[in-house]
Amino acid sequence: MEPNSSHGLIGRYRSVDNEHFIYNDGPLEGYAVSDTGEHFAFSCLEILSGMLWHWTLIPVTSTSKPVSDIVEAARSSPPEFWVSILEDNRDETPHVSECRMVG
C-alpha cells in the first residue's frame with residue numbers, strides 16, 4: 001500500500017513544482033501548496049512499510065532550493081511553525097492526523 005495520494009498529496013495539500021519532486025513508490029519530498037495558498041517544502045518518512053507515514057511540511061516563500069537543504073536548515077534553526085501529518089493505514093479505515101507545530 002502506498003501513501004494516500006487520492007487528494008493530490010495528502011489531505012488539503014497538493015503537490016506543486018515537479019522539478020523538485022522526488023518519487024519512489026510514493027512522494028518522498030517536494031513542494032506543496034495548501035488549500036489556503038500556503039507553500040511548503042515537504043518530506044515524507046515511511047515508519048511502517050506500506051502502513052504508516054510521517055509527513056513534515058515546512059513553510060517556504062520560494063521553491064528554488066532543493067527540499068533537502070530546507071529540511072536540513074530547519075533542523076538547525078526551526079521555522080516559526082511547521083506542519084506534522086501522520087498518515088495511518090493500519091486499519092480498514094485510513095486515518096490522517098495533522099498538527100501545526102510552533103517552533
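Position 1 is the first residue of the sequence, and the numbers go up from there. Quick note: numbers below take in every heavy atom, side chains included, and nothing from hydrogens, waters or symmetry partners.
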Next item on the list: For the pair F42 and W55, name the ring-plane relationship: parallel under 30°, tilted 30 to 60°, perpendicular over 60°.
Entry: tilted
Check: Looking only at heavy atoms, which two atoms of S64 and Y31 are closest? And how far apart?
Finding: N-OH, 4.4 Å
Check: Excluding sequence neighbours, so at least two apart, what forms side-chain contact (heavy atoms from CB on, under 4.5 Å) with I47?
Finding: L52, H54, L86
Notebook entry, point to check: For the atom pair CZ (F81) and SG (C99), what is the distance rounded to the nearest 0.5 Å?
Noted result: 12.0 Å
Note to self: Does R90 form a side chain to side chain contact (heavy atoms under 4.5 Å, CB included) with L48? I'd like the steps, not just the answer.
What the structure shows: CA-CA 9 Å; R90 293 177 290 177; L48 291 174; 3.8 Å; yes
Check: Yes or no on side chain to side chain contact (heavy atoms under 4.5 Å, CB included) for R100 and V102, after CA distance, side-chain angles and deciding distance?
Finding: CA-CA 7 Å; R100 190 173 188 106; V102 178; 5.6 Å; no
Let me check something: any side-chain donor-acceptor pairs from residues 67-79 under 3.5 Å, sequence neighbours excluded? List them with distances.
unit_1, atom_1, unit_2, atom_2, d
E72, OE1, R75, NH1, 3.1
S76, OG, A73, O, 3.1

Margin query: What's the separation between atom CG in L57 and atom CE in M101, rounded to the nearest 0.5 Å?
Written below: 13.0 Å
Next item on the list: Check the hydrophobic clustering (I, L, V, M, F, W, Y; side-chain heavy atoms under 4.5 Å; chains of links allowed) and say if L45 and I85 are grouped together.
Entry: no
Margin query: Measuring from atom NE2 of H39 to atom CD1 of I58, what distance do you get when rounded to the nearest 0.5 angstrom?
Written below: 15.5 Å
Notebook entry, point to check: Any side-chain heavy atom of F40 within less than 4.5 Å of one from V33?
Noted result: no
